[in-house]
Amino acid sequence: KQEVTQIPAALSVPEGENLVLNCSFTDSAIYNLQWFRQDPGKGLTSLLLIQSSQREQTSGRLNASLDKSSGRSTLYIAASQPGDSATYLCAVETSGSRLTFGEGTQLTVNP
Amino acid sequence: KAGVTQTPRYLIKTRGQQVTLSCSPISGHRSVSWYQQTPGQGLQFLFEYFSETQRNKGNFPGRFSGRQFSNSRSEMNVSTLELGDSALYLCASSLEGKLTDTQYFGPGTRLTVL
């Protein structure tokens, strides 16, 4: 059974800092890995999708990497802003179960 | 293009009742998946529908069921509600439901069972 773990569970940083969120998964037979953002009480916003054959994806200040063989992904956020405060969720897609999510990292960026 | 919409946004029910939630996917998307989010269990996959057929199912009891209509809109039904069914129910749509497709999520329906 696929299990996804995210570290740290919570993170508080000052504005402008670069930061890294970590995600690990137990079964490397994934089709893709997605990073999502969730604001309190809201749905999920897809940030980046990395296919299993890819190593990384970039969008603006966000960069996500994938090492499928070791079961790890990182989300790098450059020059963090207060508007980046949210919960960040990592999810992997495996056949038959669609997305399996981690518990999330709650990020607070202080002005 | 309009995003995924879910109705109602909030719902309060009592134990033993049943509830139906609705999800309208992005226009042109044919796959709809449902997820349950609770503080204790996090986000868990319920089921996926594609072309009016259930294609995948998560590990939930038979009280949870769903269906998809010819216009790709989907409904989820929970019968004999329990306190533990209180959760945010999210639906997501994707173009063809391929495992390489991005899933786009709606805002969710917040269900409270009293």
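Proteins come first, then strands; the chains are lettered A, B, ... in the order of their sequence lines, and each starts at number 1.
With a 4.5 Å cut-off on non-hydrogen atoms, B:Leu88 touches chain A through its side chain but not through its backbone. Heavy atoms closer than 4.5 Å to chain A are found in the side chain of B:Gln37, but not in its backbone. Neither the backbone nor the side chain of B:Thr109 comes within less than 4.5 Å of any heavy atom in chain A. Heavy atoms of B:Thr102 lying under 4.5 Å from chain A belong to its backbone as well as its side chain. Looking at A:Leu49, only its side chain comes within 4.5 Å of chain B, counting heavy atoms on both sides. Heavy atoms closer than 4.5 Å to chain B are found nowhere in A:Ile30, neither backbone nor side chain.
Heavy-atom contacts from other residues, nucleotides or ligands closer than 6.0 Å to OH of A:Tyr31 number 12 or fewer. More than 12 heavy atoms of other residues, nucleotides or ligands shown are found within 6.0 angstrom of OH on A:Tyr88. Residue A:Lys42 places its NZ atom among 12 or fewer non-hydrogen atoms of other residues, nucleotides or ligands, all under 6.0 Å distant. The neighbour count for B:Asn71 CG, taken as heavy atoms of other residues, nucleotides or ligands under 6.0 Å away, is above 12. By the neighbour-count criterion of 12 heavy atoms within 6.0 Å, atom CZ of B:Arg63 is densely surrounded, having more than that number from other residues, nucleotides or ligands. Few gaps surround CZ on B:Arg55; more than 12 heavy atoms of other groups in view lie less than 6.0 Å from it. More than 12 heavy atoms of other shown residues, nucleotides or ligands fall within 6.0 angstrom of atom CD in B:Gln44.
Taking all atoms of both residues into account, the shortest heavy-atom contact from B:Asp101 to A:Asn32 is O-ND2, 4.4 Å. Scanning all heavy atoms of the two residues, the minimum distance from B:Gln103 to A:Glu93 falls at NE2-OE2, 3.6 Å. Residues B:Arg9 and A:Gly41 come closest through the heavy atom pair NH2-O, 4.4 Å.
Cluster membership for A:Leu89 and B:Tyr89, using ILVMFWY side-chain heavy atoms within less than 4.5 angstrom, is not shared.
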* Intermediate values then yes/no, side chain to side chain contact (heavy atoms under 4.5 Å, CB included), B:Phe105 and A:Leu99 -> CA-CA 12 Å; B:Phe105 282 78; A:Leu99 292 171; 4.1 Å; yes
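The CZ atom of A:Phe101 lies 8.0 Å from the CG atom of B:Leu90; values are rounded to the nearest 0.5 Å.
Contact count against chain A (heavy-atom pairs under 4.5 Å) is highest for B:Pro107 among B:Cys91, B:Pro107, B:Gly108.
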